[in-house]
Structures are given as C-alpha cells and as structure tokens.
Amino acid sequence: MINGGLKRPVTINVAEIKDYGQAGLNAVTTVLSIAAVASAIGTPAVGIIGLADTALSTALTDFSTAAGSTLTITYDDTNWKTRVDSILSALTKVESDLSAAITGVSTKVPSTDLSDANTALSALSTIVSAFKALLDSVAARRNVGARLSGSAAAPSQTQVQQALQVLGVTA
C-alpha cells in the first residue's frame, strides 16, 4: 500500500500496448509471407497459427475499441487488466506457435528464408519480453512483488524500438 494505505492507480500507455499487439500480427504476416516457410510448415500448422493470429487480432481490436483516443489506462481496473492480459496471452501464443513451426521446418527451407523467419521471431520475442516486463513493473509498483512466471530481464528501449521496426510497427 502506498500513501498511508491507499493504493495509487497505475497507468500504462495505450499506444505501447497497441504497438505490441500489432507487432504480433505483423510477425505472423511476415513469417507466413515467406513462401518456402509457409509451404514447409504445412496447412495444419498454418491453420493453428491463423487461430492464434485471430485471437490476437480480436483481443487487440477489443482493447483498441474500448480505449478509443485514451492515452493511458488504469491497469488496476479489472476491465482494463483483463483486456491487457488477453493481448499478452494471445501474443505469447502467437510467439509459441511461430517458434514451433519455424523450429519444425528449420532443415527444410533455404537458409535465407529461415534467417528472415527467425529475425521476425526474434523481434517478436523481444516484444513479448518487453510486454511482460511492463506488466512486471506494474506489479512492482502495486507492491505485489512477484514477477510474471517465465519473465526475464526487460529488453532495452533501443532493442524494443528495433524489434518494432523489424516488424513494421512505427512507434
């Protein structure tokens, strides 16, 4: 508790959340636009990735619609927390599905195509780490102490900006 037992509301930047979600959508588009990779992954895996992409798109759209032109949201609010957490969950699923697919075809596609897919995946991993770190910092400011499971050190702002650029998101 802060300020004599009163919790201070914690705000997070709406544009940052939107950028992270868009980066995930762009990662899927980037990887699946590499013909050799998409072909080697196969229709069933592309379908699974497509479902994760749709879930992320839906979560991002719901969040964006609710946020409108709002610059910041109060993460303490259950409604906002649910919306933000759903984007992170969907983004993490996209990362996991893309990683599994790329790993599965790593010996079946030309190295240049594999390199391009891995670059997009690496950029997405940076974004997921930044998102988790953002929510970890919110948890720390709320004095709940525990880090999100599986979260590592936050990437630098430069790394995040580079990852967003790789994925075609201008922040």
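Put simply, CD1 on I41 and CG on L98 are 7.0 Å apart, with the number rounded to the nearest 0.5 Å. Between atom OG1 of residue T170 and atom CD of residue Q22 there is a gap of 9.5 Å, rounded to the nearest 0.5 Å. In this structure, NZ on K18 lies 10.5 Å from OG1 on T61, to the nearest 0.5 angstrom. Between the CG atom of D116 and the CG atom of L121 there is a distance of 12.5 Å, given to the nearest 0.5 Å. Rounding to the nearest 0.5 Å places OG of S39 at 12.5 Å from CD1 of I34. Interatomic distance, NZ of K81 versus CD1 of I73, reported as 11.0 Å (0.5 Å rounding).
Formation of a donor-acceptor pair under 3.5 Å by the T103 side chain with backbone atoms of S99 is found in this model. A donor-acceptor pair under 3.5 Å is formed between the side chain of S129 and the backbone N or O of S125. Checking side-chain atoms of D53 against main-chain N and O of V28 turns up no donor-acceptor pair under 3.5 Å.
Proximity of L114 to P110: side-chain heavy atoms (C-beta onward) are nowhere separated by under 4.5 Å. Side chains of Y75 and D85 form a contact here, defined as non-hydrogen atoms less than 4.5 Å apart. Proximity of F131 to V84: side-chain heavy atoms (C-beta onward) are separated by under 4.5 Å at one or more points. With contacts defined as side-chain heavy-atom distances shorter than 4.5 Å, the pair L164/Q161 qualifies. With contacts defined as side-chain heavy-atom distances shorter than 4.5 Å, the pair L32/V37 does not qualify. I17 has its side chain within reach of I12: a pair of non-hydrogen atoms, C-beta onward, lies under 4.5 Å apart.
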* Starting from the C-alpha separation in whole Å, work towards a yes-or-no answer on side-chain contact (heavy atoms from CB on, under 4.5 Å) for Y20 and L60. => CA-CA 9 Å; Y20 291 169; L60 185 59; over 6 Å; no
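Closest of all the heavy-atom pairs between V14 and A67 is CG1-CB, 3.7 Å. Residues A120 and V31 approach most closely at CB-CG2, 4.0 Å, considering heavy atoms. Between A163 and I127, the shortest heavy-atom contact is CB-CD1, 3.8 Å. Between G24 and V94 the shortest heavy-atom distance is O-CG1, 4.0 Å. Minimum interatomic distance between N13 and A15 (heavy atoms only, all atoms of both residues): OD1-N, 2.7 Å. Scanning both residues, Q159 and T126, for their nearest heavy atoms gives O-CG2, 3.8 Å.
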Can I get a per-line list of side-chain donor-acceptor pairs under 3.5 Å for residues 86-93, giving both atom names and the distance, sequence neighbours left out?
from	atom 1	to	atom 2	distance (Å)
S86	OG	T82	O	3.4
S86	OG	R83	O	2.8
T92	OG1	L88	O	2.8
K93	NZ	D97	OD1	2.9
K93	NZ	D97	OD2	3.3

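Under the 30°/60° scheme for interplanar angles, the aromatic rings of W80 and F63 are found to stand perpendicular.
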